[in-house]
Amino acid sequence: MKGLFIVMEGPDSSGKTTQINLLKEYLEEAGYECLITREPGGTVIGEEVRQLILNPEHKEMSPVTEMLLYAASRAQLVHEVIGPALEEGKIVISDRFVDSSIVYQGIARKLGISTVSAVNAPGIGIYRPDGIFFIDLSEAEGLRRKKEQKNLDRMEQEGIDFHHMVSEGYRKVLSGRPEVMKIDGGRSIDTIQKKIRNHVDELLKKKNR
Ligand code: ADP
């Protein structure tokens, strides 16, 4: 693949959207074509799946159903958007990718890392991220930010135990991997953005861009 595939990971309210928007600004100013995608969603089919997954009324949804719906949305996003954009040489920045499922469904919903990886593999194919930014936020700060939000979705409405498993799950799943850069989400927006931009510059150099 000719393009560059960047993924932003981290718990709810860790600052992923904020950082992605700033990074897009930076890259476009430098003349790169840049595409932002979000999970679940990002395609017509995926947005319909998103409504199903996140609707707070769907309290009866089983963990397996949830895992399959996330994988379906992701498969469609790779097929329709991420794969073609990378083949055209664009920079793709995805708000969450398969590691979110490994953490949320594999660990927090207890379906197992290997099961979630296997279910997602055919949809992802060859498209593996060149760089993953893991914004690690303390649970206390995450809760503080969440209290300021209204209209929480089905996943955001989960209790403290679930979100604790998510935070710990991220630290476990994303540690010790060469493509992952961990960032302290308690730092200022500017400090975090500087680190991200420096690292993306390096990734672009490696790709001779
Ligand atoms: P996510 O996309 O990970 O859910 P957002 O980017 O939507 O997170 O940020 C959630 C909230 O936290 C927003 O109100 C945002 O302004 C705030 N926020 C983001 N990054 C920081 C930061 N580094 N310090 C303080 N507040 C932040």
Q: Tell me yes or no: between the side chains of S73 and E39, is some donor less than 3.5 Å from an acceptor?
A: no
Q: Supply the atom-to-atom distance F133 CZ to L174 CG, rounded to the nearest 0.5 angstrom.
A: 12.5 Å
Q | Test log, rule side-chain hydrogen bond (donor to acceptor under 3.5 Å, both in side chains), inputs H164 and E139 | A | CA-CA 7 Å; H164 176 70; E139 283 156 62; 2.9 Å; yes
Q | From D130 atom CG to L4 atom CG, the distance as rounded to the nearest 0.5 Å | A | 4.5 Å
Q. Between atom CD of E47 and atom CD1 of I45, what is the distance when rounded to the nearest 0.5 Å?
A. 11.5 Å
Q) Does the distance from a Lys or Arg side-chain N to an Asp or Glu carboxylate O, for D190 and R197, drop under 4.0 Å? A) no
(Q) For the CD atom of E88 and the CD atom of E33, what is their distance to the nearest 0.5 Å? (A) 7.5 Å
Q: With Q193 as reference, evaluate Q19, E25, R187 under the side chain to side chain donor-acceptor pair (under 3.5 Å) test and give the passing residue.
A: Q19
Q: Give, for atom OG1 of T37 and atom CG of L77, the distance between the pair rounded to the nearest 0.5 Å.
A: 4.5 Å
Q. Looking at K172 and E168, does any basic side-chain N land under 4.0 Å from a carboxylate oxygen?
A. no
Q: Walk me through it: do L52 and T65 pass the test side chain to side chain contact (heavy atoms under 4.5 Å, CB included)?
A: CA-CA 10 Å; L52 276 174; T65 305; over 6 Å; no
Q. Do Y70 and Y104 have ring centres separated by under 6.0 Å?
A. no
Q | Carboxylate-amine/guanidinium proximity below 4.0 Å for R145 and E141 | A | yes
Q: Search all heavy atoms of H163 against all heavy atoms of D12 and return the closest pair with its distance.
A: CE1-OD2, 3.8 Å
Q. Between atom CD1 of I196 and atom CG of L203, what is the distance when rounded to the nearest 0.5 Å?
A. 11.5 Å
